[in-house]
Amino acid sequence: MTTSRPADVRGRDDGRGLGGWGSPALVLGVIAAGTAWVVGWVGVVAGLTAVVIGFIGARKAFRDPQRSGGAALAGLALGIVGLVWGLAVVVPTLVGSGEFGAGLTLDECMAQANGQQEQRMCASQHLEEYRARFPGRTDT
């Protein structure tokens, strides 16, 4: 005679099911891939989180045949897309190699700069002139 465990409050008989890893990974992956090209940091943070959660969910699904790992794998894939796309948007801005100020002189670029990040981009694009005009400044 076999004994079965009673179902828990949510209706699962042994607590396996999706385990809560696939859906969050998928949602974060969609957020990462959908917003990375507009707001790079959101894509990077949500993408990295989706990759971690998706990896954990896919690994649990691989080890347990009762689990479905489709949502976790989709979240993992979309998280990678969002992470890479977000880094492609964020990294040029951080290192000052973006398109802002291209073809302008240092004075024109600084006049059009809206914030410290764009001023740093101007200084890095016109590094020789910036160093000649401001020899004591090392904040580039």
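Values below: every heavy atom of this structure, side chains too, minus hydrogens, waters and symmetry copies.
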Sequence neighbours excluded, which residues qualify as side-chain contact (heavy atoms from CB on, under 4.5 Å) partners of Ala36? Trp85
State plainly whether one hydrophobic cluster holds both Val45 and Ile53, where clusters connect Ile, Leu, Val, Met, Phe, Trp and Tyr through side-chain heavy atoms under 4.5 angstrom apart. no
Can you name the closest pair of heavy atoms from Ile31 and Thr35 and give their distance? O-OG1, 2.6 Å
Closest non-hydrogen atom pair between Gly57 and Ala72, with its separation: C-CB, 3.7 Å
Pairwise side-chain contact, Lys60 with Asp64, heavy-atom cut-off 4.5 Å (strictly under): no
Sorted by chain and residue number, the side-chain contact (heavy atoms from CB on, under 4.5 Å) partners of Leu87 (sequence neighbours excluded) come out as Val44, Leu83, Val91
Over all atoms of both residues, closest heavy-atom pair of Ala50 and Gly79: CB-CA, 3.8 Å
Spacing of Leu28 atom CG and Leu78 atom CG [to the nearest 0.5 Å]: 11.0 Å
Across all chains, not counting sequence neighbours, the side-chain contact (heavy atoms from CB on, under 4.5 Å) partners of Leu76 are Val51, Phe55, Leu73, Ile80
